[in-house]
Structures are given as structure tokens and as C-alpha cells.
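Quantities reported herein were computed from a predicted structural model and do not represent experimental measurements.
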Amino acid sequence: MSASGDHGSIAVGDVHHHEPQYPPADATGEKGGDGYVEGGATPESVLDGDGPKLKRKLKGRHMSMIAIGGTIGTGLFIGSGSTLAAAGPAGALVAFLVMGTMVFFVCISLAEMSTFIPTSDPFNHFAARFLDPSLGFAFGWNYWASWMLTVGSELVACGIIVQYWLPHVHGAVWSMVALVIIFLLNAISVRGYGESEFWMSMLKVLAVLVFIVVGILTITGVTGGDHIGGRNWHVEGAPFKDHIVGILKACIVAAFSFQGTEIVGVTVGECANPRREVPRAIRSVFWRILFFYIASILIIGLVIRNDDPNLLNASGAGDVAISPFTMVLQKAGAPWGADVMNAVVLVTVLSAGNSGIYACTRVLWVLAKEGKAPRFFRRVTKKGVPIWCLVFTALWSTVAFCTSLASNQGVYTFLITISGVTGMGFWFGIGLCHYRFRRAYIVQGYDLKDLPYRAILFPFGPIYACTLLVIIIIGQGYGTIWPKFDAVNFVSTYLAIPLFVIIWLVWKYTKKTKWIKLVDVDLTTGSLLELERNGEIELFPEPGESRWKKYIRWPHRKTA
């Protein structure tokens with residue numbers, strides 16, 4: 001989307017962009033003394049100079065499928081059944097709608113900032129730039145740790161899934177094979193990651209589409225020989241089970257299911273055309289949530305009774321045989337449903353591991369560029385791959401994976417729980433950064449019309465998302481306190497919070513960082529306009545848009 005305004009324009013080929021006249025940061029025309037990094041210097045992450053660079057090789061189709069792939073995961077294919085058991089069919093729908101709107105606002109907040117300032121580590125960079133450098137350090141390392149642990153869990157899942165077909169081979173063998181595959185896909189080039197994620201996401205989308213069609217045929221009695229209709233909404237516990245408490249439990253599961261949606265924000269630093277492709281990819285979140293998740297949950301609630309005992313038992317990748325998707329396919333008269341879903345879930349966990357490795361390497365590279373990680377992590381190959389970041393992440397993911405082999409599953413579960421809570425923590429950080437970014441933008445006299453992409457319903461969006469996330473983070477420990485206090489699960493549920501605070505305060509004390517005033521926020525360096533001026537990002541012609549696309553993009557119209 002091109003910026004609009006009443007200022008002068010710059011022309012590149014056949015493309016015309018309006019150039020905003022950036023005002024001084026304060027009334028005196030001088031920057032304040034409390035810059036967003038120590039000493040008032042601009043971090044290297046936004047100054048490419050002659051140093052190593054990432055390659056902007058991700059195209060529009062890669063961005064769109066990465067955005068889709070970040071949403072569709074094992075949380076939908078396997079974990080979604082537990083929301084039906086906890087809240088009933090209507091309660092599960094409400095939970096996913098509520099959490100879907102929260103994720104939608106988080107994503108458009110990220111889109112506005114990432115399109116304005118394209119960076120490969122929005123969680124560290126934006127927090128350091130709009131809040132406090134020490135918060136950027138904490139968010140960056142927490143994000144890396146969260147995805148590193150997630151990659152370890154996906155390696156475990158790969159081994160379990162392949163054992164479904166080959167039970168006589170130890171799962172660790174297949175886990176290592178999966179690690180080698182995703183390592184090589186990321187080591188080749190960013191295109192290697194983009195292409196692999198494109199095709200894996202395509203398979204997941206097709207699987208959901210087939211499931212929806214089969215589900216509709218099953219409900220109407222065309223397949224399976226039983227006209228189910230809406231009778232499962234009238235059994236005991238339906239449509240709402242346990243009322244508000246049940247919905248809260250389902251919201252917690254839904255929140256974990258949506259994690260990974262923000263991955264598209266990490267790809268911005270390697271997007272060939274962030275002005276056009278980042279808004280396109282992120283605004284599609286609205287329709288993905290509406291269609292893939294809501295349609296799937298609705299079908300599951302219509303086909304399967306909420307009191308089916310299998311629903312509560314399906315929680316991990318090894319439970320694909322009692323996945324709600326498998327159960328629907330079997331009710332449709334497809335005995336091969338478990339094999340099909342097993343293959344789909346295998347692709348899903350490979351996709352999650354692939355994306356996790358990618359996100360970790362880019363975040364760690366930016367941390368190194370800003371002096372928040374060892375310098376050798378700045379090393380980039382000729383193909384633009386942060387190779388030592390990749391090796392370091394793969395090694396630690398292997399360590400996390402090996403905890404499951406140490407005959408202590410409790411330790412492994414403990415680490416993964418920390419990872420999940422941390423995931424919601426950086427969603428909260430996105431909302432907070434967006435609120436500060438927009439306030440600084442207005443205080444410094446910028447025109448909202450000059451934003452390449454503008455999130456709707458500000459400030460309601462970030463406030464709503466942050467408030468809901470606080471409720472979910474606090475409420476997820478409900479089961480560890482009542483009806484009986486479980487000390488181990490209580491600690492694993494909330495440990496991520498004090499760990500984040502400790503990391504934040506130690507860096508703040510060590511580096512003597514300060515909270516950044518709104519007038520001192522740097523909104524110029526590394527901005528999209530500056531990169532386009534310097535020829536670091538190519539300006540692409542705006543393609544014609546059909547009328548139907550204009551209608552489905554109404555939540556993101558420029559005048560919102």
C-alpha cells in the first residue's frame with residue numbers, strides 16, 4: 001500500500017510515493033538526551049552500512065503462506081478437542097472468537113510498526129526503540145528461548161509421529177533426521193526456508209479445506225449414513241459447559257493454538273517489498289481465523305459430542321488417533337483417517353520446527369548487531385544466512401529435545417510450559433510497543449496519512465489485546481490452585497514471569513538504561529521511507545486490484 005498525503009512526491013520509474021516532511025523530535029528541533037540506546041547512538045541493526053546483510057528474497061507468496069502456516073498447527077489439529085470438552089460447542093466457538101480477535105489486533109499492531117520500520121527482530125528492536133533498551137534485551141532473548149524450546153518439542157513430536165508407522169525404530173532417530181532437514185532448509189538461503197514453508201503451509205491449508213468439506217457432508221448425512229444436524233448442541237453440557245469458567249479454560253487452549261502467528265513479523269527484514277507484502281500477509285489473519293479456525297471448531301462441535309471421553313485424552317502429537325479431526329473423518333466412514341491426519345500432523349510439526357529455527361536465527365542476529373549477544377553471531381554467509389546463530393540454536397534445541405530422553409518427562413513438560421507463557425508475553429509486548437509507537441508518532445507531529453499501513457481501532461486494539469493477555473496469563477494457573485494446590489505445575493506456569501523480570505532488571509542495572517520519552521523516540525532511522533530513498537528496498541508498481549478484493553479488505557482500508 002502506498003503512503004498518501006499532501007506533501008511533495010518522489011518518483012521511481014512508474015511509481016509515485018508521497019514523501020512526508022518529518023518534523024523535529026521536539027520544539028527546539030533537537031533530539032532529547034535520552035535516546036533509545038545508550039549514548040544517543042543509533043543501533044547497528046538499522047544501519048546496514050558495509051557490514052553483513054540479510055537478503056531480501058522473500059516474495060509475496062512466501063509471506064502469505066508463512067502467515068497462514070504460522071496459524072495452522074497441532075493446536076488446531078489435535079488440541080482443539082479439549083476446548084470442546086472444557087466449554088461445550090458454543091463455548092469453544094466463543095473462546096476461539098475472543099482469542100482470534102486478540103490475535104488479530106496483535107498482528108495488525110505488528111504490521112503497522114513492521115511496515116514503517118522493517119526489521120528482522122521486532123520484539124527486541126521495537127521494545128528497545130519505543131520503551132527501554134533493557135526491555136528490548138529481555139523480549140529478544142525470551143523470544144529466542146521460547147522458540148528454541150518449541151523447536152525441541154517439535155523434534156520430540158516428529159519421533160512420536162513416525163513411530164506410528166515404524167514402531168520398532170527409536171523415535172530419537174527420526175527426531176535427528178527432522179533436525180537435519182530443517183537445519184539444511186535454513187542453511188541454504190532464506191529462499192530455502194520460504195519455499196519449504198510455502199509448500200508445507202499449502203498442504204496444511206488443503207487438509208483443513210478437505211476436512212471442512214467432509215465435515216459438512218457428515219453433518220448432513222451424505223457420508224457416514226447418519227444425519228447429525230444440530231443434535232449434539234442439545235446433549236448434556238451443551239451448548240455452554242461450565243459457563244464462564246469453561247470459556248476461560250478454552251481461551252487458554254486457544255491462546256496456545258494461535259502461537260506462531262507473529263512469525264511473519266520476523267520475515268519483514270528479508271521481504272523484497274515490505275510496503276506491499278507485509279500488510280497483505282498480516283491482514284489476511286482476519287480471514288484465516290474466521291475461516292480455518294472458526295469453521296473447523298464449528299464442525300467439530302456439530303459432529304462430536306462434548307462429553308466424548310477421547311476429547312480429554314488428545315493433547316500431544318502422539319494422540320493423533322483420537323484427534324478431533326481424525327474422529328470426524330472416521331464418523332464420515334473413512335477408516336484411513338488416522339493415517340491421513342498423522343501425515344498432516346507430521347508436516348505441521350516440521351513446519352513449526354522450520355519456522356522456529358528461522359525465527360531464532362534472525363532474532364539472535366539482530367541481538368548481536370545491537371551488542372546484546374556475542375559478536376560472532378553477526379557472521380552471515382554469502383546467501384544471507386546467520387550461520388552461527390543457526391548452529392547455536394540447533395545445538396540448544398537438541399539439548400531441549402534430549403531432556404525428553406533423560407527419563408524425566410516432567411523436566412521436559414516444565415520447559416515447554418515456560419515456552420508457552422513466554423509466547424503470550426511477547427504478544428503483550430507487541431501491543432505495548434504499538435501503543436507507544438503511535439503516541440510518539442502523534443506527539444512528534446507526524447501525519448497518520450503517511451503511515452504505509454495503519455492499524456484500525458487504535459487505541460482500542462492494543463489495549464484490548466494487552467488486557468486480555470493479562471487475564472489469560474493470570475488465569476491459566478487456575479487449575480494449579482483449585483481444587484488442590486499443585487506446587488510443581490504452579491511454578492512451571494508462572495516461572496517465566498520472574499525470569500523475564502530478572503533478565504530485564506539485570507540488563508537495566510548493568511547498562512544504566514532509561515525509559516524513553518515520547519519526544520526522544522527515533523522514528524526516522526531505518527524507516528521504510530529511508531530505505532527506499534537509499535535504494536536498499538526496491539519500489540514496486542502498485543498492481544491493479546479487483547473489486548472483490550477491495551470488499552474483503554474492508555477491515556484494513558487506508559482511511560480507517
Side-chain angles (χ1 to χ4, degrees), residues 71-97 99-100 157 160-161 164 204-220 223-224 226 228-233 235-242 246-247 249-258 289 291-349 352:
T71 303
I72 303 174
T74 52
L76 175 62
F77 290 127
I78 296 177
S80 56
S82 61
T83 63
L84 176 60
L93 271 178
V94 170
F96 272 90
L97 280 169
M99 297 311 297
I160 294 172
I161 292 168
Y164 179 86
K204 289 189 284 185
V205 169
L206 290 175
V208 175
L209 292 175
V210 170
F211 169 78
I212 291 173
V213 173
V214 172
I216 293 173
L217 295 176
T218 304
I219 294 166
T220 56
T223 59
D226 181 15
I228 299 173
R231 70 167 182 255
N232 287 334
W233 279 53
V235 300
E236 184 178 356
F240 290 97
K241 184 177 181 180
D242 290 341
I247 293 175
K249 292 178 180 178
C251 280
I252 294 170
V253 177
F256 282 96
S257 298
F258 281 121
I289 292 171
F291 185 75
F292 291 114
Y293 269 90
I294 303 307
S296 297
I297 296 300
L298 176 60
I299 287 172
I300 290 170
L302 287 169
V303 176
I304 305 173
R305 292 172 59 100
N306 71 90
D307 55 359
D308 190 308
N310 286 329
L311 292 177
L312 285 176
N313 295 328
S315 58
D319 300 320
V320 68
I322 50 178
S323 155
F325 276 63
T326 302
M327 294 166 66
V328 170
L329 292 176
Q330 290 174 339
K331 285 183 178 292
W336 38 261
D339 288 292
V340 171
M341 286 311 304
N342 204 56
V344 171
V345 173
L346 177 60
V347 171
T348 297
V349 297

(request) With the side chain counted from C-beta on, respond yes when Asn306 and Pro89 share a heavy-atom pair under 4.5 Å apart, and no when they do not. (result) yes

(message) I'd like to know whether Ser257 forms a side-chain contact (heavy atoms from CB on, under 4.5 Å) with Tyr293, so could you lay out the CA-CA distance, the side-chain angles of the two residues, the decisive distance to 0.1 Å, and finally the verdict.
(response) CA-CA 10 Å; Ser257 298; Tyr293 269 90; 4.1 Å; yes

(message) Among Phe325, Phe292, Phe211, which residue satisfies the ring-ring contact (aromatic ring centres under 6.0 Å, His included) criterion with Phe77?
(response) Phe325

(request) Specify the closest pair of heavy atoms between Ala338 and Gln330, including all atoms of both residues, with the distance to one decimal. (result) CB-NE2, 4.5 Å

(message) How close do Asn342 and Ile161 get, counting heavy atoms only, and between which atoms?
(response) ND2-O, 3.1 Å

(message) I'd like to check Leu76 versus Val208 (side-chain heavy atoms, cut-off strictly below 4.5 Å). Are they in contact?
(response) yes

(message) Go through it in stages, so that I can follow the logic: the residues are Asn232 and Ile304, the test is side-chain contact (heavy atoms from CB on, under 4.5 Å), and I'd like the CA-CA distance, side-chain angles, deciding distance and then a yes or no.
(response) CA-CA 7 Å; Asn232 287 334; Ile304 305 173; 5.7 Å; no

(message) Counting C-beta onward and ignoring hydrogens, is there a side-chain heavy-atom pair between Leu84 and Ser80 closer than 4.5 Å?
(response) no

(request) Considering non-hydrogen atoms only, spot the tightest contact between Pro335 and Gly333 and give its length. (result) CD-O, 3.3 Å

(request) Could you grab the distance from atom NZ of Lys249 to atom NZ of Lys241, nearest 0.5 Å is fine? (result) 8.5 Å

(request) State, yes or no, whether a side-chain contact exists between Asp226 and Arg231 at a heavy-atom distance under 4.5 Å. (result) yes

(request) Supply the atom-to-atom distance Thr83 OG1 to Ile252 CD1, rounded to the nearest 0.5 angstrom. (result) 12.5 Å

(message) Testing the basics here: between Ile247 and Ala95, what is the closest heavy-atom pair and its distance to 0.1 Å?
(response) O-CB, 4.0 Å

(request) Compare every heavy atom of Ala255 with every heavy atom of Met99, then report the nearest pair and how far apart it is. (result) CE-CB, 3.5 Å

(message) When you compare the side chain of Phe291 with that of Leu209, does any pair of heavy atoms fall below 4.5 Å?
(response) yes

(request) Mind listing the closest non-hydrogen atom pair of Leu346 and Val349 along with its distance? (result) O-CG2, 3.1 Å

(message) When you compare the side chain of Leu298 with that of Leu302, does any pair of heavy atoms fall below 4.5 Å?
(response) yes

(message) I need the full list of salt bridge (charged side-chain N to carboxylate O under 4.0 Å, His left out) pairs touching residues 297-306, with sequence neighbours left out, sorted by first then second residue.
(response) Arg305-Asp307

